[in-house]
Amino acid sequence: SFAPPGRHAYRTGDVAAKDADGYFTYVGRADDVFKAADYRISPFELESALIEHAAVAEAAVVPAPDALRMAVPKAFLALAPGALPSRETAFAIFQHIRLRLAPFKRVRRIEFYELPKTISGKIRRVELRQTEEMRFAAGHRAPAEFREEDFPELK
């Protein structure tokens, strides 16, 4: 990267997009962006849409291996106080996402989960990705996981 004389350039790992007017929009961390069905997906955008739902306190989106699409966005969700980890809650969240995101960006799986965190309070996405990869390799589906295809009423 270019740095003017007397200045230093640092790689932060952040990714941004520049629009036609020259404005930058934060996309996410380079190590968190993943491909799903040949589309680059930024977890940041999906997580931002998820936490707008009243039942969601925190969200972490990671790629979940998928036989058809290679990977699909999966959300691990910590629920707000009083929200129940139920089929009805998952359905309401899927409906919410459909109104806010393009079809190729939609979260396809939801799991209600206590999010693993570092000592400083950051969500450990690497641990969530590893969990998904191990489940896929073993042919397991999480018992608390809801998939978009589980809801024919969404069609």
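Computed from a prediction, not measured in an experiment: that's the story for all the values here. What you see below is based on every heavy atom in this structure, not just the backbone, and it leaves out hydrogens, waters and symmetry mates.
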Gap separating the CG atom of L46 from the NZ atom of K105, nearest 0.5 angstrom: 8.0 Å
Worked verdict on L84 versus L79 for side-chain contact (heavy atoms from CB on, under 4.5 Å): CA-CA 7 Å; L84 300 174; L79 294 174; 5.8 Å; no
Partners meeting salt bridge (charged side-chain N to carboxylate O under 4.0 Å, His left out) with R141 (sequence neighbours left out): E145, D150
More than 12 heavy atoms of other groups within 6.0 Å of E114 CD: no
Selection residues 64-88 - residue pairs positive for ring-ring contact (aromatic ring centres under 6.0 Å, His included), sequence neighbours left out: F76-Y113
Side chain to side chain donor-acceptor pair (under 3.5 Å) partners of S86, counting only residues at least two apart: E88, T89
Heavy-atom donor-acceptor pair, H96 side chain to A49 backbone, under 3.5 Å: yes
Side-chain donor-acceptor pairs under 3.5 Å in residues 57-68, sequence neighbours left out?
{"unit_1": "E58", "atom_1": "OE1", "unit_2": "K117", "atom_2": "NZ", "d": "2.8"}
{"unit_1": "E58", "atom_1": "OE2", "unit_2": "K117", "atom_2": "NZ", "d": "2.8"}
{"unit_1": "D66", "atom_1": "OD1", "unit_2": "R109", "atom_2": "NH2", "d": "2.9"}
{"unit_1": "D66", "atom_1": "OD2", "unit_2": "L68", "atom_2": "N", "d": "3.1"}
{"unit_1": "D66", "atom_1": "OD2", "unit_2": "R69", "atom_2": "N", "d": "2.7"}

E153: side chain to side chain donor-acceptor pair (under 3.5 Å) partners, not counting sequence neighbours: R87
Q130 CD to L128 CG distance, which is reported to the nearest 0.5 Å: 9.5 Å
Derivation of the side-chain contact (heavy atoms from CB on, under 4.5 Å) call for T118 and I123: CA-CA 6 Å; T118 64; I123 297 169; over 6 Å; no
Pair listing, ring-ring contact (aromatic ring centres under 6.0 Å, His included) test, anchored in residues 118-148, at least two apart: F112-F146
Partners passing ring-ring contact (aromatic ring centres under 6.0 Å, His included) against F151 (at least two apart in sequence or in another chain): F91, F94
side-chain contact (heavy atoms from CB on, under 4.5 Å) evaluation trace for R108 with R147: CA-CA 6 Å; R108 305 291 178 172; R147 296 184 177 188; over 6 Å; no
Worked check of salt bridge (charged side-chain N to carboxylate O under 4.0 Å, His left out) between E132 and R135: CA-CA 5 Å; E132 278 307 292; R135 287 178 182 165; 3.1 Å; yes
L154 with L101, same ILVMFWY side-chain cluster at under 4.5 Å: yes
Atom pair CG/CZ of L99 and R106 - distance to nearest 0.5 Å: 9.0 Å
CD1 on I110 to CG on L50, rounded to 0.5 Å: 6.5 Å
Qualifying salt bridge (Lys or Arg N to Asp or Glu O under 4.0 Å) pairs with a residue from residues 90-104, counting only residues at least two apart or across chains: E52-R100, R98-E148
Residues which pass side chain to side chain donor-acceptor pair (under 3.5 Å) with E127, listed by chain and number, not counting sequence neighbours: R124
